[in-house]
Amino acid sequence: MKHQRTSGPKNYAGPLSVHTSIPVSSLNVRSPIQTFLKNSASYRTPDAASSTVVGVNVASSYVSKEARRAVFEVAQEQVPDADAPLVSGQLPSWLRGALLLNGCGDYRGMQHLFDGYACLTRIHLDGSTGRVTAGQRFLASDAYGSFRRTGRMKYREFQTPLTADGPMGRAMAVLDNMAALMSKGRAFTDNASVSLVPLPDNRLLALSEARTASYIVNPTTLDTVQQVEYGDNIPGDLTTAHPKQAPDGSIVNFSRSLPFGGFHVFRQDPISLQRKQIAFIRDRNPLAPCWVHDMAITTSHLVVLEQPLFFNMGSLVLGYSRPFAFMDWNPEAGTRVHVIALDGSGVVTHTAPPLFTFHFVNAFERPCGSGTGAEICVDFCVYDDPEVINDLSLDRLNAFPGKDISPSFLRRLSIPLLNASGRPVGPSSLAAPAPLLKDESTYGNFAEFPAFNPRFRGKPYRYAYGTAAVRPTNMGNALARHDLELGTSTLWHEPGALPAEPIFVPRPGAASEDDGVLLATVALADGRSALVVLDGATLWEHARVAIPFAVPYRFHGAFVAGGRS
């Protein structure tokens, strides 16, 4: 069963409920379950006291054990691509290209969702013929190659430290790690398991948060072509896996030199990958840098939020645990908000209340509401604290049914840019980010993996998409469409299933912002994998494709138009 939900009155009927705010009779239910539901004693008509579906015969909102097993088991490689049958609906005739996804495919010996070895998935869709093919392949990193040969980790991953045989083995591992840090060698993993960035000349850039975790990949074959090495003088052992594209097509990112360093913000040529530093921001604590996973870009500025989640260097080197992986949460330090001019003309640093975030939606510049001056609006997924990091440990994710996942909210941070005289505004104390939607419970008080129409990057926009929650659940188990103008949300949810990050593909020649489709892989309740093609304006399902292998947990990806199947 699957349904779309729009914001409105809320109904609750216990832990086995499928929460809905529209009458059950209007749900789009796949046959033969539709007949069963209508004849079930647990079905209540809209005339009943409550229109909520209840009863033990209805699947709960928890992700099934089979779906969890599918996304966390060792991934199957599929080379060359195999046919993926269309099992329902029809692909839009204009949809032609490859959905390319990155994430982890082998969690053996690992502790956290962010730890597994990179595995790439490719799904090619041809709407003109209706043919779909799919392939999957592990990234040929040094970290994964060493594990395949020896069965042991060569580098620490996000939460999993290196294993060692006894005290002497642990001491040797620590000394090796310290020596690598001091020599700027390979102290960090090259496991590029987070994102994929399309580059010119039919190339992909696979990334994670270490400088060495950067690989060129062939988007057609998923071959690992080469590791990216930088010969410039920009220091830094760490970076982000979320580079941004500037209006001129250049890539904007930063590297981190630590300890006793900071943010080296640079622009990067998308063809040569040569980098040029445009700003440097010193860490506020030279011995404990803050963890920054993502950032936001407008047409002329980069915004970096330095949240008060601090590296514990002893934990990072020695391998002992801290409250949040290798990090400490110090909310009294507040948040620093850096606004960096893309032309290299300067940085303004504001302060804001403490918050935690993984991902940003979009950012843009506009006149202030007062009609004087200008401001930057930054939209992102906000948590009160970083407890979600612990929620994403493999122990918690595999617990069934598990503890409810921490809430997160779609919020907007307003940053003054120019005053009434048109002059830049200096450092200021910012208000906490404000809600973007009227009723945050309509998306389950959970917003992650945000997406939007890429034609509106850095510009005012109306629609955002992402994962959401139908609670109770310990995972994001729904997809959402958020109308930021009306302040409403619509959900797509299939009980027992686990959808991945959605990617919006605009229709060529579209006049409206939401004219396009949303693509997302889904681990189904029975453990099989599918691709759903949802309408960008309604979230109704255009088509469903059966993937002939289990697609593991996916983080981020991209759609590349055209190409061969």
Side-chain angles (χ1 to χ4, degrees), residues 71 73-86 91 95-106 116-149 189-208 212-229 241 243 245 251 270-273 500-501 503 505 519-521 529-531 533 545-565:
V71 296
E73 67 185 4
V74 178
Q76 170 192 337
E77 291 195 317
Q78 178 61 55
V79 183
D81 289 0
D83 284 328
L86 190 68
L91 297 176
L95 183 64
R96 187 170 187 272
L99 178 65
L100 298 148
L101 305 170
N102 199 353
C104 300
D106 191 339
Y117 294 110
C119 182
L120 310 179
T121 304
R122 178 183 186 270
I123 303 171
H124 189 273
L125 305 105
D126 190 337
S128 62
T129 63
R131 186 182 184 219
V132 183
T133 58
Q136 194 156 266
R137 196 167 193 175
F138 278 92
L139 183 80
S141 65
D142 184 47
Y144 180 63
S146 178
F147 176 76
R148 285 286 301 270
R149 291 189 303 273
T189 181
D190 68 335
N191 179 24
S193 61
V194 178
S195 64
L196 291 171
V197 180
L199 299 174
D201 303 326
N202 195 38
R203 297 179 300 161
L204 283 175
L205 184 62
L207 294 171
S208 189
T212 52
S214 179
Y215 279 87
I216 299 295
V217 173
N218 184 311
T220 303
T221 64
L222 300 184
D223 287 335
T224 303
V225 178
Q226 67 182 73
Q227 186 178 31
V228 177
E229 295 284 358
Q245 185 180 50
I251 298 170
I271 298 177
S272 68
L273 298 184
E501 174 193 60
I503 292 178
V505 183
L519 304 178
T521 57
S529 293
L531 173 75
V533 182
V545 176
I547 307 301
F549 50 82
V551 177
Y553 198 96
R554 303 290 78 190
F555 292 134
H556 304 291
F559 182 81
V560 177
R564 65 175 179 85
S565 61

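FYI, side chains are in, hydrogens and waters are out, and symmetry mates aren't considered; it's all heavy atoms of this structure.
- The backbone N or O of A192 sits less than 3.5 Å from a side-chain atom of N102, completing a donor-acceptor pair.
- Using a 4.5 Å heavy-atom threshold, the side chains of D106 and V74 count as touching.
- Using a 4.5 Å heavy-atom threshold, the side chains of L100 and L120 count as separate.
- Of the possible polar contacts, none joining the R131 side chain to the H124 backbone as a donor-acceptor pair under 3.5 Å is found.
- Note that OG1 of T133 and CZ of R122 are 5.5 Å apart. Values are rounded to the nearest 0.5 Å.
- Using modelled atom types, one side-chain atom of S195 and one backbone atom of A241 make a donor-acceptor pair closer than 3.5 Å.
- Shown here are the side chain to side chain donor-acceptor pair (under 3.5 Å) partners of Y144, two or more places apart in sequence or in another chain: R148.
- The nearest pair of heavy atoms linking A206 to V217 is CB-CG2, 4.1 Å.
- The CD atom of Q76 sits 10.5 Å away from the CZ atom of F138 when rounded to the nearest 0.5 Å.
- At a threshold of 4.5 Å between non-hydrogen side-chain atoms, the residues P219 and N202 count as touching.
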### Task
Could you give me the CA-CA distance, side-chain angles and deciding distance for I547 and T121, then say whether side chain to side chain contact (heavy atoms under 4.5 Å, CB included) is met?
CA-CA 11 Å; I547 307 301; T121 304; 5.9 Å; no
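- In this structure, the separation between CD1 on I503 and CG on L519 is 7.0 Å, given to the nearest 0.5 Å.
- What you find for Y215 and D142 is that their closest heavy atoms are OH-N, 3.6 Å.
- Between L207 and V197 the shortest heavy-atom distance is CD1-CG2, 4.1 Å.
- The line from CG of L199 to CG of L205 is 5.0 Å long, rounded to the nearest 0.5 Å.
- Not counting sequence neighbours, the partners of Q245 by the side chain to side chain donor-acceptor pair (under 3.5 Å) test are R457.
- Distance NE2/H556 to CG/L101: 11.0 Å, rounded to 0.5 Å.
- Each salt bridge (charged side-chain N to carboxylate O under 4.0 Å, His left out) pair with one or both residues in residues 217-228, not counting sequence neighbours, appears once here: R137-D223.
- The closest donor-acceptor contact from the side chain of Q136 to the backbone of A550 lies under 3.5 Å.
- Using a 4.5 Å cut-off on side-chain heavy atoms (C-beta onward), Y117 and N191 make contact.
- Side chain of T212 to backbone of T189: a donor-acceptor contact under 3.5 angstrom is found.
- Rounding to the nearest 0.5 Å gives a distance of 7.0 Å between CG of L222 and CG of D81.
- P198 and A558 get closest at one heavy-atom pair: CG-CB, 3.6 Å.
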### Message
Applying side chain to side chain contact (heavy atoms under 4.5 Å, CB included) to N218 and L204, what does each step give before you reach the verdict?
### Response
CA-CA 6 Å; N218 184 311; L204 283 175; over 6 Å; no
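- When the side chain to side chain donor-acceptor pair (under 3.5 Å) test is applied to S529, no partner is found at least two apart in sequence or on another chain.
- With sequence neighbours excluded, the residues that form a side chain to side chain donor-acceptor pair (under 3.5 Å) with S128 are D126.
- Across A84 and P548, no two heavy atoms sit closer than the pair CB-CD, 4.0 Å.
- Residues that satisfy the side-chain contact (heavy atoms from CB on, under 4.5 Å) test with A500, not counting sequence neighbours, are T521, R554.
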